[in-house]
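Contents: one structure, followed by commentary.
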Amino acid sequence: MAGAGVALFALVGASAPNHNTLRAPVTWLRLPAMAGTVSQTVTTTAVVLSCWGALGMLKAHERGWRPDARLLYKLGALTALAVANLTPVGSSDTASYAAYGRIAELGGDPYVTTPARLGGAYAHLVSAAWQRTPSVYGPVATWWQGAAAFIGQERPWLTIWALMLANAAVFVGTGYVLLRTADDPVRAGLLWTVNPLLIGVLVAGGHLDTLVAGLAVCALHVARRTTRWHHDLIVGGLVGLACGVKISACLFGVGLAWPLLRTGAWRPAARQACAAALTLVALYGAYGAHALDPLSAASRLVSTPSLWAVFDRFGTAVLGPRAAAATVSVLWPVVMLALAWLLRRAAVAQTPAVGALPFALAFAWILSAPWSMPWYTALAWATAALFSPGRATRYLTVTTAVLAMSHNSGGHGWTW
C-alpha cells in the first residue's frame, strides 16, 4: 500500500500540473494532463494508501519485522530523488518560493516586495491568494530561494526544479543522519526515509519544512552527546539556523532547553539560548526588523480542519473580528501547552527528555495552532524517528493524512 501511494503521488506529478505551478521539463516522462476531478481523486487515494501503508509498516515492525536499514535508506533515497523530478504535488508553495527567490536575486527585499509587484513569469505562477503577500520565511529560506532563482534566472520552471532537487537532497541527507544516529535505525527508516506520507507531502510538495527538520535532527544529535561548552554553542547555532528558515522552530529550541532547566543545568541552557538568539539576530540583521512584520499578519490566519475555524466563525459574529482573533491568539498557546504535557506523559519511559519534549511540542503545535498544514509535521516526524514516543506516532500518521486530504491543491490543472 505504501508503494502504491507513492506511485500515485508520482502519477499526479507527471500528469496533472499543480495549481499555479509550472512543471519541470522532464523529457523522459510527460504524461497527458488529467482532468481536475480525476487528479484530485487520485491524490486523495494516494494519501489514504500512504497512511495505511505507513501504519502497516509500523505495526509489522512492532511485531518483529526487521528489514535491512541500509536497504530502506537506498530505496527511500532513490524514490525521493525520482519524485523530485516531477511537478510539485499538493501545494503551490514552490511557486511562491521561486518568486521570493527571484525578488532576492534581483536585489529586492522579499519582506516588502510582493510577487504581484515583481510581475512577469514568476508572479504569474503564484496563487492569487498569495500574490500580495510578502515572504513570511526567514533569511535562510530567502537565501535558499535566491540561490535557486540564480540558477533559474528568467526560467521559473528551472528555479522550481532546483528547489525540488535541493529539498530532496536535504530529505535524503536527513535520512542518512537518522540511519547513523537513531536509537532504532530500522524504525527511523520507516518513519522518515521510506515513509510514503513524507515522500508525498514533503518531497513531492517541495516544502521548506524538510530543511527545518534536517537542522533539528543535527541539533538533537549534538545535544544528546554534548560534553563540552562549544557543543552547546553548536546546538544553539543549529536552532538559530532552523528559526532562520521558519520562526516556528523556536518551539524546538524551547523543547531542548526546558529539560536542562528542570535539571538545574542553567549554564548549558543559557549557552544554547544565547547562541540561538545571536544567530537569529545576525540572520535578520541582514534585512532588518521589518522582516518580521509579515509574521504578524500570518499569525491571524485560521485554517480548516481546526476547532479555531468554528470558533472564528461564531466568535466573529458575536464578539467581532478583532475580539475573536485576540481570543484565539490567547487560547491556542494554552491548548498547545496542555496537549504537549499530555503527549509527554504518554511517551514511553525510555524516551529521553531531550527527544520527547521537542516531539510533544511539535505535535501539540500542529494539533492546536489556528493555521496548520500537513508539511508542518516534518519536525515531529524527525524527532519521532530519532526516539520512540510510543503510540503518539500512530496519531501523528493519521493527523498528517487528514491534513494532507484537507489541504491539497494538486489536482486543479493548468490556470494559464
Side-chain angles (χ1 to χ4, degrees), residues 17-23 87-88 90-164 166-167 205-209 211-212 243-249 280 283-303 321-322 325 329 369-373 375-376 407 409-410 412 414-416:
N18 190 13
H19 186 50
N20 295 118
T21 305
L22 274 174
R23 66 168 152 185
T87 308
S91 165
S92 59
D93 280 5
T94 48
S96 296
Y97 296 168
Y100 297 139
R102 180 61 173 166
I103 293 170
E105 196 272 331
L106 291 174
D109 186 345
Y111 302 106
V112 175
T113 305
T114 64
R117 290 179 60 187
L118 171 67
Y122 280 86
H124 180 62
L125 303 179
V126 178
S127 175
W130 308 111
Q131 280 276 352
R132 302 187 182 280
T133 303
S135 176
V136 296
Y137 307 106
V140 175
T142 297
W143 297 330
W144 180 273
Q145 295 157 358
F150 176 79
I151 296 172
Q153 293 295 315
E154 296 290 343
R155 295 160 292 184
W157 65 264
L158 184 55
T159 299
I160 292 173
W161 195 10
L163 286 168
M164 293 286 288
N167 179 69
H207 291 285
L208 284 169
D209 302 79
L211 184 55
V212 175
C243 295
V245 179
K246 298 187 76 171
I247 199 65
S248 56
L280 203 56
L283 292 173
Y284 273 94
Y287 285 98
H290 73 276
L292 295 169
D293 292 343
L295 296 173
S296 177
S299 65
R300 294 191 291 269
L301 297 174
V302 178
S303 64
R322 289 188 178 181
S329 65
W371 185 266
S372 186
M373 296 290 139
W375 41 91
Y376 292 2
H407 302 284
S409 61
H412 300 296
W414 299 97
T415 57
W416 60 89

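Residue numbers start at 1 and run along the sequence shown.
The two atoms that bring L125 and P156 nearest to each other are CD1-CB, 3.4 Å, heavy atoms only. Minimum interatomic distance between G244 and L280 (heavy atoms only, all atoms of both residues): N-CD1, 3.8 Å. When all heavy atoms of I160 and A98 are compared, the closest pair comes out as CG1-CB, 4.0 Å. Between P115 and A123, the shortest heavy-atom distance links the atoms O-CB, 2.9 Å. Looking at every heavy atom in both residues, A286 comes nearest to W143 through CB-CZ2, 3.7 Å. The minimum heavy-atom distance between V126 and A99, with the atom names listed, is CG2-CB, 3.8 Å.
Here CE of M164 is found 8.0 Å from OG1 of T87. Values are rounded to the nearest 0.5 Å. A distance of 8.5 Å separates CG in L208 from CG in D93, rounded to the nearest 0.5 Å. Once rounded to the nearest 0.5 Å, the distance linking CH2 of W130 with OG of S92 reads 9.0 Å. For the atom pair M373 CE and S91 OG, the distance stands at 8.5 Å (nearest 0.5 Å).
Residue pairs meeting the side chain to side chain donor-acceptor pair (under 3.5 Å) criterion with at least one partner in residues 107-121, sequence neighbours excluded, are D109-H290, Y111-T142. For residues 121-144, the set of pairs meeting the salt bridge (charged side-chain N to carboxylate O under 4.0 Å, His left out) definition, not counting sequence neighbours, is empty. Every pair passing salt bridge (charged side-chain N to carboxylate O under 4.0 Å, His left out) that includes a residue from residues 153-162 is listed here, sequence neighbours excluded: R102-E154.
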Please tabulate, for side-chain N and O atoms in residues 145-153, each donor-acceptor pair with protein atoms closer than 3.5 Å (sequence neighbours left out).
residue, atom, partner, partner atom, Å
Q153, NE2, E105, OE2, 3.4
Q153, NE2, F150, O, 2.7

Q: Step by step, work out the side chain to side chain contact (heavy atoms under 4.5 Å, CB included) result for L295 and I247.
A: CA-CA 9 Å; L295 296 173; I247 199 65; 3.8 Å; yes
Q: For I103 and Y122, run side chain to side chain contact (heavy atoms under 4.5 Å, CB included): C-alpha distance rounded to whole Å, both residues' side-chain angles, the deciding distance at 0.1 Å, then the answer.
A: CA-CA 10 Å; I103 293 170; Y122 280 86; over 6 Å; no
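Side-chain contact between Y287 and P110: present, with at least one pair of heavy atoms (C-beta onward) separated by less than 4.5 Å. Side-chain contact between L118 and L106 is present, with heavy atoms from C-beta onward closer than 4.5 Å.
Annotation: ring pair (Phe, Tyr, Trp, His ring centres under 6.0 Å) contacts of Y97 (sequence neighbours excluded): Y137. Residues that satisfy the ring pair (Phe, Tyr, Trp, His ring centres under 6.0 Å) test with W375, not counting sequence neighbours, are H207.
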